[in-house]
Every structure is written in C-alpha cells, then in structure tokens.
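What follows is a set of notes on a single structure, which appears directly below.
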Amino acid sequence: MNDENRTALAKGYAHREVEARWYAFWRARGYFHGDERDQTRPPFSIVLPPPNVTGSLHLGHALTATLQDVLIRWKRMSGFNTLWLPGTDHAGIATQMIVEKELQRTEHKSRHDLGREEFLRRVWQWKERYGSRIGEQHQALGASLDWERERFTMDEGLSRAVREVFVRLHEEGLIYREMKLINWCPRCQTALSDLEVSYEEAHKGELWSFAYPLADGSGEIVVATTRPETMLGDTAVAVHPEDERYRALLGRSVRHPLVDRTLPIIGDAILVDPAFGTGAVKVTPAHDFNDFEVGKRHGLGMITVVGPDGSMTAEAGPVAGLDRFAARKEVKRLLSERGLDRGSQPHTLPLGRCQRCETVLEPLLSNQWFVRIEPLARPAIQAVEEGKTRFIPEQWTNTYMSWMRNIHDWCISRQLWWGHQIPAWYCADGHVTVARQAPEQCGTCGKGGLRQDEDVLDTWFSSGLWPFSTMGWPDETATLRTFYPTAVMETGHDIIFFWVARMMMMGIHFMGEVPFRTVYLHPMVRDEKGQKMSKTKGNVIDPLVISEQYGADALRFTLAALTAQGRDIKLAKERIEGYRAFANKLWNASRFALMNLAGYEEGGGELAGLDLSPADRWILARLQRATNEVVQALEAFRFNDAASTLYQFVWHELCDWYIELAKEALSGDHAGRRRAAQAVLVRCLSTSYRLLHPFMPFITEELWHVLRDEVKAWAWPDSALAASYPQKGTVDEDAERTFGPVIGVVDAIRNVRGEMNVPPKAEPRVVIAVPERQALSTVRGEAARIALLARARVEVVEGPTAPAAPQTAVAVGPGFELRLYLAGVLDLAAEIARVEKELTRLDQDLSGIEGKLANPSFVQKAPAEVVEKDRARAGELREKRGKLEAHRAMLSGTEANTARRDTMENQIPPMPVAEMSAAEPAKVEPAPAPVAPVVEPAPAPAQPEVNAAPPAPKKKAAKKAKKPARKAKKATRKAAPRKAAKKAKKPVRKPVRKAKKARKAARRRR
RNA sequence: GGGCGGAUAGCUCAGGGGUAGAGCGUCGCCCUUACAAGGCGAGGGUCACAGGUUCGAAGCCUGUUCCGCCCACCA
C-alpha cells in the first residue's frame, strides 16, 4: 500500500456518504435472499410484522426493524439459512379512514358519493403512491429483508389464503353468522371486535335514578342508570330473587311512563347485586351486554332504540330522531316532568370508545360473522404450556394465557369497503352460500342471481395468517417446508391479542404447528418525556430524519442499547449523539490502524508464532471475553448487554488501552514486535467489525473493505455481512491477570498526577515496588509502556514498598506500591490531605469488612469462599493502610522539619534500578534484580525531580485540600441517622466510598 | 374491580443476596502526530417508604405511597 491509500480514511466518519453505498451492494449480491432449496444450513426465519401500507415508519418500526435485523444478520453470519420476510398490511379501517379523510378534504366527497368500486380504486391508488415509502425507510435503516418475497395482505395469493381459511372454518362450524349484540361505532358505521374498544378509564358520569310506577298503581320501583335514554328500550326490571325488599314484587309488572308498554319485574341473581344502588335494575337487552344475556335467559323482548348512526329510532317514541345524547337530556326532562326523577349522584365508569375515532361506542344488535374461538384457543394455550412457543420476557406468558382463557367469540365482519370481502353469497330467499369462488347458484335452494355479502373481514383476520400465507399457503411450497415455523416473532406487546394470539391459533389450526418458537416482545418507544408517540400529539419522530442527522448505525445502536427487558424506551437525542460518537471512534481507530499497517499483509491471519507482548495477549483475551459476552447476550435476546459490551470493549479497552499501548511497538524498529502489534490490531478490528456488523452494518461494511484492501486479506469474504460471526471460546485468563498490574500502575500514577496537579508535560520519576515475582517481571517488561502512558520516568524494584523519600507522593494498589518524586511541585499539605482522604476511605471499607469478620455467625454461616475473599481483602486493605500511614507519618515529619530533607536523601545508598523515561521509550534494558526485600532508592538527582515543572497553582491545591475534610464531615453526618435508625444488634453499614481504581483494575483482571 | 411493570447518581437507565454501575451532563487539566464527535483526572447515591427473612438485603417476603400499562358487563 502506498501512503496515499493508507491515509485514505477521512478524519471523521461521514455517515451520509458511506451509507449511500452499501445497501445496493448487498442486494445486488443476493445476500438477503433466503434459499428455500438449501437444506444443508439450519434455517432461521422471521416474518416482519407488516406495517400499515399507507403509513410511514415511526421509531417503533425502527426498533422492530433494528432488533430483527440484528438477529437476522447475526444468524446469517453464524451460518444459518436466514429468511426475513417483508410486507405490508392493508389495515382495513385505518387506511379507509385516511383515504376518506383525504377525499373529504380535497374533493369534499364521501365514499358514498364515489361508490364502492371507484372508492376502492382510489385506495389502491393511495396504496401504490405511499406503499413504497415503507420499503425505502427500511432500506435506509439497513434492514436486510428478502425483498423478492415482499407481500401485501391483499395480494391475490394472500387473499386466496383468506378465502380458504374462511371456507374451511365455516365448514368446520367454527365460523357462523348470527344476530348478536356487538360493539358498534356510530361514526365509522361498522362493527368492531372487543379488542378495538378502548376504555376511558374513569369517565366521570352520573348515576341517575328514576321510578317505574307499578302497573297496578300500588307503588313504584326505583332504578338507577348511567344511560337514561335507553329506558325507552327497557323490557324488564330486574331484582335479586333473594332480596326481601322486592320479593313481593317478583312476577308483577311496571308501567313504562313514556311509551305504552308494561315491563315484568324479574328475578336474576347474576345481573343484580342487591347491595348496589336500589337493588333494582332496568333491563335493556338491545343496548347492554349484561342485559342482552338477561334477555336471552328470560326470553325478553329486544328493542333497538338507538340506531346505527347514534340517533334514536322510531321505537324511541317521544325522543325518536334525537341524537342519543340529546335524547338523554330529554328523557330526564320528561321523567322529571312526570315526577319520577329520584335524584342523581356522580359516578365514574369505564366508557367504551372507538379505538380509531374515539366516538362513544354503542352496543348494537345486528347480524355479524363470528369465529367460534374456544376450539382454536385451546391448542394455542396448550402449545405455550408445553413450551412449543415461549415468550420473552417471560411475564407476557401470563398476559397471553389469561386472555386466551377468557376469550370471547371474535366478531370478524366489518361494514367497510377496504378489505377482504366476505366469501359468502345470498340468494333472494336469504340462504347463505359460503364458497372459495363466486358460486352460480344457491347452495341451499339452487337459485341463481346471488349477491355477495358486502362486508369485509377484520384486518387482523388476514394478519393472523401472515406467517404461512406469505410463504405460499395453501399450496405446499418449499418455502413453507424450509422456513415454517419461523424462529422468532419480534413485535410489540401491544398487539399480543390482536396479532400474536391469532397467529398462534391460525398457525396451529392450519399448519399443525406453532408459527414461531419464540415471541420476543420489545418495549414501546416513547419520546423524551415518556409520552407515547402519536400523530395527534405531534411527537412522532421519523426514523429517517434521525438517520439523516446521526446516521442509521447510530440510531440502530442506540435502539439496541436501550432495549432492556421490561422497560419502555425514552429516546433522547443526547443518547443518539453518544453512539454517533462511538461510530466515529471506531472509524478513527481504524484510521489509526491504516496509518500504521505499512508493510503488513494479513496472509492467513495466524497469530501463533508471533512475538506477542503481554499487552497483545491481554487485548486478545479481552476480545474473546467480549465475544463470549456478546454471543451470550444475543442468545438471550439481551440486546442492551450485547451493545454495551461492544461499546465498552471497542472504546475503553481497544482504543483507550491497547492502541495506546501498541503505539510504541508500531512505531518502533523492532520488526517482530511491530508485526505482532499489527497482526493483533488487525485481528481486533476485523473481529470488532464482525461483532458490530449486525448493529452497525454500514460503517462496519465500509471499514471491512478498507481494512481488507489495506492488508490484502484476500482470504476474508469481500463483505462483512458474509463473514463469519465470532464464536465463543476460551478466554486467556492468565493474560488478563498478568496484565492487571500494568493497568493498575498506570491508573495509579495518573490518579496522583491528576489529584496533585502535576503539569501534563512533566515527567516525574516514579519508583514502583512489586513484591510478586511474575507481576514484577510483567511490570518490568512493560516499564516502557507504563512510562509512555503515565508520562513518567519509571523505575521498578522488587519488594513490598518503594523506599521512603521526602517530596514524594505514594499510591498503593493491589500488588504494588509506587512513589512519585515531585520535588518542586509537591504541595505537602495537599499530599497529606490526599493521603488522609484515601485513609478515610480505607477505614470505612476496612471497618465494614472487619466488622463482618468479627461476627462469629458470619464466619460460621457464610460460604467459606466468601469469608476467604473478605479475609484476603481485609489483609490487602490493612497492608495498604499501613503503607499510607507510614507515608503520612513521613510527610508530617518532613513538614515539621523540611531542613532535614537533604540529610535524609543523602543517607539513601545508591542502587541499580531499571529506569524508563517516556522520552526514550525504545530503550528496553532488563533491570538487574534488586536485592530484596526493601531497598532504598537511588539518591535524588541534583536537578528538580520534575521536568519543566512550574509551581502548582496555589489556589487549586488549597481547594483540593479542603475537599476531603468536607467529605469526611458529610460522611459522618450521613452515617449518624442511619446508625440510630438501625437496630442496635445489627452491624452498621457505613456508606462505603468507592475505590474506583481498584475495582476497575479488578474487573480487567477478572 | 383484577393483573403486570416501574421507583437506583443532576438526566436516561443497567444490575438483582456477598466491595453501588454505565452513558450523558458537571468540575479540573490537556489541541499528547487516530479521533476536541477527543484524552486524562475528579466529584456525585439512606438503591421510594415501613416492617420482616438472612451471618449479610438495593436485590427475597409483607405492607404502604407515587408513576405507567393491560384486562373487566356492577346498573
């Protein structure tokens, strides 16, 4: 590679330019196509929940697309024969409403002005115009859908499946037509299923009482109602049969005060709760679901007084023709006039409204088609009980089960035009013929001139067939054989009943097998305030706008990172910005690599035989650990864990540590070390690209190609998408453990530098004491890297402590002690304060642990390993404490008598040490083993310890110095009430300060 | 009325009996030749409240208070 190519990457990641390229590339190569003839690879299929054809995608869809694409790309890369099947739903009522609204707006016409045929032509037009938008949006998001198999619920094939299902269910007696009470929307002018009713939780209404005079004039019976207008349809008054107050009235009747009718007083133990209201209930079988049942039980008349348009019918006598709400007022007035008003009280009740238009629904008696659901539900329940399909998160199993167990017959006919017209025909005599194709003559009487049922089917009827109708059913296709059942149904929990449950029932019934093995229910996406996104609220975010702004990869990664189980997603743009920065980070790490890969060729990519440094082995171990965690997370549908593992690894381990550590080898002249670092860097990056590809397909694809070309890795597939997904494997824990002290030491030095305001350019001398042999040799071997990262001149000595010296700061970590020589910059007071702060923390930690260890029942009852761990930690802390105490004592002494400094230093005998300076990093010379255990360090050089060290700003030092005191006070204040509150017998858990550094290091060594 | 979630750092959220975590924001220092969309460091928590179980509780149990959501035919 020449220099021009090596620096080909732009300085920042430009998502627009990169994203524009790859989708067409993938498609052209047919990577997205699921091969139904391939029986060698295991299948993995997902059907995309079909969005409404006339809608456009919102963030909920983007989430669905992202999570499914993550799964599909992961499985595809893992060697599965994947199929992700796209399509759209005709969404009957929703679409019809949109087009009607548009028609009204532009032409001031209703659908009736156009007529059915012309109106449907318009809807199809609309569909053609807007349907493609969804495809474009999915492509912009990078969704690897198999477009060759795209389907629409009203395609001829799917319509055929709908008719087939309808006819078969009818033949089996599972579809029937009946006059029943259904939910009716007076505005939409159609029947709705129970699920399409949304209840206004606590509608504040009134409970109004009035009296029915007894027919014989001997008295009255008072009833209460929330709907006075329906009293015109009353056909009885019911009381509890056991109710003493009304026992005498049973079997007698009342006279209707507004129409010429008498009503029986009946006893009904199911309907009537004697404790509620007056214990007497008016019964309106044609306008109330409970009353309907009462009517059937008692053979009562059913009088429809509210018509389909919401106005009162002719049956309503004095209020006929009035709107139902106007009629309510009028009825109350009329009854009051007759002296029958018995007062009212405020009453909250659930009020059923149309899910689409929010109109108050009317229970209406009408002829509709129903699915007898219980025989279908039973196997669908059983399948879940037997684990043939499982829900994730698991808690949704209960939701599914409880609904399925209390399921009612499903009203499937809709008085709409847009949808699958019901395949039923009527002759002049009203006989019904159900058939796959339009029949010539009536199946009952043989008459011709049949008329097809004008109604269409509930849109969910066809959606319920989606997993198999899209694969060619009722034909026995290779696609069905290969890809049914699907592996995962990934969707929102808001449509468990509407869709998931119906697919379960239909799939089992018609395919003899559940439609999916796993149902993964993702959280709902909300805006930053936690509100549901909706068009009416105007807070809907178009994923394309976000993509355009931050990049599709950033959006995808954000959505995946926020997808934890059990909580809705509140999407804030700061979060997306953060992940855009992550993409940029990955880009720049790659850019760095390209600048340092001159002369490197990947070849077979073998790492064995290379001269791997401890840092090389460490990052490879971390890479394997990250891989394991990501794969495990994906297997468990823990998208957020997978995302955060990747983020943590790439940014904080690969970039923050490894790349920094590798700079020396990469720019040095040791060919073997350089080659090793190059190979490891390439391995880390290429593996990261593959791991990240399902989450960030565009940038990883781009970088894959760039890196592949750069290192001539012709053995790699020429697309990240076609590369294999990294596999779980054994982590080189020894490499992790060995390298721990190096990180610990660098952290410790940086920490002291930061806290003590050591000027960034200064390179203080640091003496690191390491007692343990293996760690010693690692630290010694890595001294040059430590020097570089910590900007210090490093000496490493064997032993538990770094020899005491004035004008120094001390840090103690697990397995080492180190001393920074800070003559000229050391603010004694600040150092004392810093150490005391550290001691305070230590004491808090220590007293907690010692308290535990002093408790005999802890020692007896806790698992031995827990006790052992605490003992070890207590020892560690005590040792650290001892060292810091000694340092403090020395500092105090120095403070008291700084004049003695020179004397003390002069007393220190000279000794050989390994010395490393950041200024001369390439110089690696093995240090002669110093004499153990404790040796005093070399005499301080004559010049100041710190290069180019200006005096520390006094203000800042003073400010810092105050902090620990404040801290301690705060801690005491906090601890006190807690102590008092806790029972005396219980050990007090003091607030424990963080030992961030130690834990970080511990995590790395893990 | 029944059910299910949630309450952890200023904000958004992970975690789920054994040393309180991340991202963003905040503060300090740094343009160190991959990246200022950056680096290094620091600060920040009675894990909603009250009981209980346990050697040990943010986590498990019981109850309470708030906030969501779902289901339901008390007129």
Looking at every strand, decide which applies to [X] at a 4.0 Å heavy-atom threshold: base, sugar-phosphate, or nothing.
X: A:F292; value: nothing
X: A:N640; value: sugar-phosphate
X: A:E660; value: base
X: A:R405; value: nothing

Taking the same atom, P, in B:A20 and in B:G45, what whole-Å distance lies between them?
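Result for the P pair: 14 Å, nearest Å.
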B:C67 and B:G25: how far apart are their C1' atoms, nearest whole angstrom?
24 Å
Could you work out, with ring-ring contact (aromatic ring centres under 6.0 Å, His included) as the rule, every residue matching A:F498, not counting sequence neighbours?
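In terms of ring-ring contact (aromatic ring centres under 6.0 Å, His included), with neighbours along the sequence ignored, A:F498 is linked to A:W460.
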By ring-ring contact (aromatic ring centres under 6.0 Å, His included), which residues pair with A:F289, not counting sequence neighbours?
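Result, ring-ring contact (aromatic ring centres under 6.0 Å, His included) vs A:F289: none returned.
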Consider only side-chain N and O atoms of A:E206 and A:S344, and report whether a donor and an acceptor are under 3.5 Å apart.
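The answer is yes; a qualifying pair exists.
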Can you list the residues that meet the side-chain contact (heavy atoms from CB on, under 4.5 Å) rule with [X], with sequence neighbours excluded?
X: A:H347; value: A:L207, A:T226, A:F276, A:L349
X: A:D288; value: A:N290, A:D291
X: A:H240; value: A:E242, A:D243, A:A269, A:V272, A:P274
X: A:T235; value: A:P285, A:L300, A:I303

Stems involving RNA chain B: give each as a range paired with a range, ordered by first number, where a stem means at least three consecutive Watson-Crick or G-U wobble pairs under 3.5 Å.
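RNA chain B stems, ordered by first number: B:1-7 with B:65-71, B:10-13 with B:21-24, B:26-30 with B:38-42, B:48-52 with B:60-64.
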The criterion is side chain to side chain donor-acceptor pair (under 3.5 Å); which residues satisfy it with A:S688, sequence neighbours excluded?
none
Please name all residues satisfying side chain to side chain donor-acceptor pair (under 3.5 Å) with A:T558, sequence neighbours left out, ordered by chain then number.
none
Name the pairs: protein N/O against N/O of nucleotides 36-38 of chain B, kept only if under 3.5 Å.
{"from": "B:A37", "atom 1": "O2'", "to": "A:N584", "atom 2": "ND2", "distance (Å)": "3.3"}
{"from": "B:G38", "atom 1": "O3'", "to": "A:K585", "atom 2": "NZ", "distance (Å)": "3.0"}

Those residues at least two apart in sequence (or on a different chain) that pass salt bridge (Lys or Arg N to Asp or Glu O under 4.0 Å) with A:R638 are A:D641
List, with names and distances, any nitrogen or oxygen atoms from the protein found under 3.5 Å away from nitrogen or oxygen atoms belonging to nucleotides 66-71 of chain B.
{"from": "B:C71", "atom 1": "N4", "to": "A:E201", "atom 2": "OE2", "distance (Å)": "3.1"}

For the side chain of A:V281, starting at C-beta, report the closest nucleotide among B:U32, B:A75, B:U19.
B:A75
